[in-house]
Undergrad: 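I have a structure I would like to understand better, so I am pasting it below and will then ask my questions one at a time.
Throughout, protein chains are lettered first and strands after them, A, B, ... in sequence-line order, and every chain is numbered starting at 1.
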Amino acid sequence: MTIRIENLVVDLGSFHLRDINLTLEPGDFFALMGPTGAGKSVLLEALVGLVPITGGDIFIDDRKITNLPPEKRGISIVYQDYALFPHLTVLDNIRYGLRFHLHEKGAAPIDDLVGRLNLNPLLQRYPATLSGGEQQRVALARALAVSPDILLLDEPLSALDPNFRQDLRAHLKSLHQASGATFLMVTHDFSEALSLAQRAAVMNQGELEQVGGIEEIFCRPTSTMVADFVGMKNLFKVEFSGSMARVAGLEIKVGREAEGLQGYVAIRPEDLILSKEPLVSSVQNSFAGSVAAIRSHGFFYEIDFAVNSLIFTAVITNHAFFDLELAVDDGFFISFKATAVHLL
Amino acid sequence: MRKESFLWFALASSFIVLVFITVPLLRMLSAPSLASLWETICEPDVYRSIWLSLYTGISAALICFVFGTPLAYLLARSQFRGKKIVEAIVDLPIVIPHPVVGIALLGLVGKNFWLGRVMQELGIRIVGSPSGIIMVMTFVGLPFYLQAAKEGFASVSPRLEHVSRSLGASMFATFIGITFPLAWRSILSGIIMCCARAISEFGAVVIIAYHPMIAPVLMFERFQSFGLRYSQPVAVWLIVVCLLLFISLRLVGRSSKKINIGSRR
């Protein structure tokens, strides 16, 4: 199903969504990112039909759903706090929506969902007795049991322990492939967005700042707001082999086995060290390159540094800047510890 | 040191408050002999009045439940202009002196007002009838029910309703399947509060219906005509019957709570 949001306006008195235009292609996994209070959750609630829409339209394929009540839209939602019905067993939670969809096509195979999410041992339990990860799996099963056209996920992983998070991420991925529904996920976590979503948008103060492919958002932000927000200046697509990451003829030590990960590394600008001589050690990466650009920010300088075809961005203090006597096109060495490399 | 003396003060005043509440009740319960209790309950006037108190009180609570539940839900869920005024109106029966309630209602359904005359023409008797008693009891009990039910609804997360709607349930199906069962304990305690308040009403009822006599009116009459010793046994019976009623309602509520939460691991 294609979801088309056209010039959507929501006016909640103190908060507005302005001119939201967004198209989600069939089977998209779309990440919606942005700082707290940007309006991500309001956009989700407008899609479900829980906040009044002031202007614009929402279409699913060519069906206009702008004025339909929530129960007629075919959009399911999964909240960060799971929102399971506490007075119903796991099984009854999952089956809750089915009775309202009896006359529709294929709203039956909950066995498949239950198996896929390993919920069989939990079916007779009540939500209060489940761990966070278990509850979120139940919430996913409940939302998908009614075969929605679109599944909205409002920070589905952020309330979970890190070890559950990895597990649920894998579940989300397989559910997305199996269900064929369009997923729209609000998230704060960049590694989550990178590992799950194909496309993304960054939202700020009720408006969409940038919409595009997930890599594009991270690597080519079109506004300073997006650049600041995604924050990871040095993000490279790499090939992992053992504890090495290869990119553009460089071998970056990453300090641990990275097989099975998606294939991005990110290094914070303040973790990069510039020097005239190479700083060689077993835990240190050190590459030769040249200064490509220098930008002054008052208390610090931002240096773009070219190594082969890659551009690293480093942040150094004014003091270090004058010590090093940096100038554009000068040859220098750039170094960073293996532990400063984030694997995504 | 200061903190400790305050603690002693707090404990002492708590003790005084508890004694103040329990001692008169215990004294009253222990005053009549078993023989006189038995004799009293065998009197038709007594058991009829207690039965009348019970069924009018329960009827009033059920009326509050039927008509008050939707209002309580609206007050818990929606924000609208004038909500504060609606809430103040709903609380009025608590602050109005009880005889005033009786006089206000009598002014409406009595012979001096067209509504009362129309009802008389139609053969509906309010003054001096169980329906009049139920009307008064509903009036004074409503705020207690509404308050408890409103709190119950407010404690159910709107997100649960949102999820239910997104899964295909209409607003009504969501209310029946999710909101009501989750607020049920508060609703039940609202019913109990309302019922207790209704049964205890005297001042307003006595103006609308001296006869047939509810238990408090009978007690008052016996106290006036025969003295304390003759009204005490009636009071004991009324208290015992009410306690049994409320305890059994609580037990019903608790067993449904057990089902709700299930076994913890």
Undergrad: Under a 4.5 Å heavy-atom cut-off, does chain A meet the side chain of B:Ser170, its backbone, both or neither?
TA: both

Undergrad: In this structure, are over 12 heavy atoms from other groups packed under 6.0 Å from A:Gln198 atom CD?
TA: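 Count over threshold, so yes.
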
Undergrad: Counting only heavy atoms not in B:Phe80 (residues, nucleotides, ligands), do more than 12 fall under 6.0 Å from its CZ?
TA: yes

Undergrad: Under a 4.5 Å cut-off applied to non-hydrogen side-chain atoms, are B:Leu182 and A:Pro86 in contact?
TA: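 Yes, close enough: below the 4.5 Å cut-off.
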
Undergrad: If you count heavy atoms of other groups shown closer than 6.0 angstrom to CZ of B:Phe67, is the number above 12?
TA: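 Counting neighbours around CZ of B:Phe67, 12 or fewer heavy atoms of other residues, nucleotides or ligands fall under 6.0 Å, so no.
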
Undergrad: Looking only at non-hydrogen atoms, find the nearest pair between A:Tyr96 and B:Ile178 and report the distance.
TA: OH-CG1, 3.4 Å

Undergrad: So which part of A:Gln124 gets closer than 4.5 Å to some heavy atom of chain B, the side chain, the backbone, both or neither?
TA: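 The answer is neither part of A:Gln124.
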
Undergrad: Search all heavy atoms of A:Leu84 against all heavy atoms of B:Leu160 and return the closest pair with its distance.
TA: O-CD2, 3.3 Å

Undergrad: Which residue in the set A:His101, A:Arg99, A:Arg142, A:Glu71 passes side chain to side chain contact (heavy atoms under 4.5 Å, CB included) when paired with B:Leu167?
TA: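 Of A:His101, A:Arg99, A:Arg142, A:Glu71, side chain to side chain contact (heavy atoms under 4.5 Å, CB included) with B:Leu167 is met by A:Arg142 alone.
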
Undergrad: Are any non-hydrogen side-chain atoms of A:Phe85 and B:Ser164 less than 4.5 angstrom apart?
TA: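 Touching, per the 4.5 Å side-chain cut-off.
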
Undergrad: Considering the options A:Ile77, A:Leu152, A:Leu50, A:Ile75, which one meets the side chain to side chain contact (heavy atoms under 4.5 Å, CB included) requirement together with B:Ser166?
TA: A:Ile77

Undergrad: Supply the atom-to-atom distance A:Gln80 CD to B:Arg159 CZ, rounded to the nearest 0.5 angstrom.
TA: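 Answer for the CD-CZ pair, A:Gln80 versus B:Arg159, is 7.0 Å.
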
Undergrad: I'd like to verify something: which residue of A:Pro69, A:Gly97, A:Gly49, A:Pro70 has the highest number of heavy-atom pairs under 4.5 Å with chain B?
TA: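 Option with the top pair count is A:Pro70.
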
Undergrad: Within a reach of under 6.0 Å around NZ of A:Lys72, are more than 12 heavy atoms found that belong to other residues, nucleotides or ligands?
TA: no

Undergrad: May I ask you to check whether over 12 heavy atoms, not counting those of B:Ile85, lie within 6.0 Å of atom CD1?
TA: no

Undergrad: Using only atom types and a distance under 3.5 Å, with no angle test, would you say the side chain of A:His87 pairs donor to acceptor with the backbone of B:Gly177?
TA: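 At least one qualifying donor-acceptor pair exists.
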
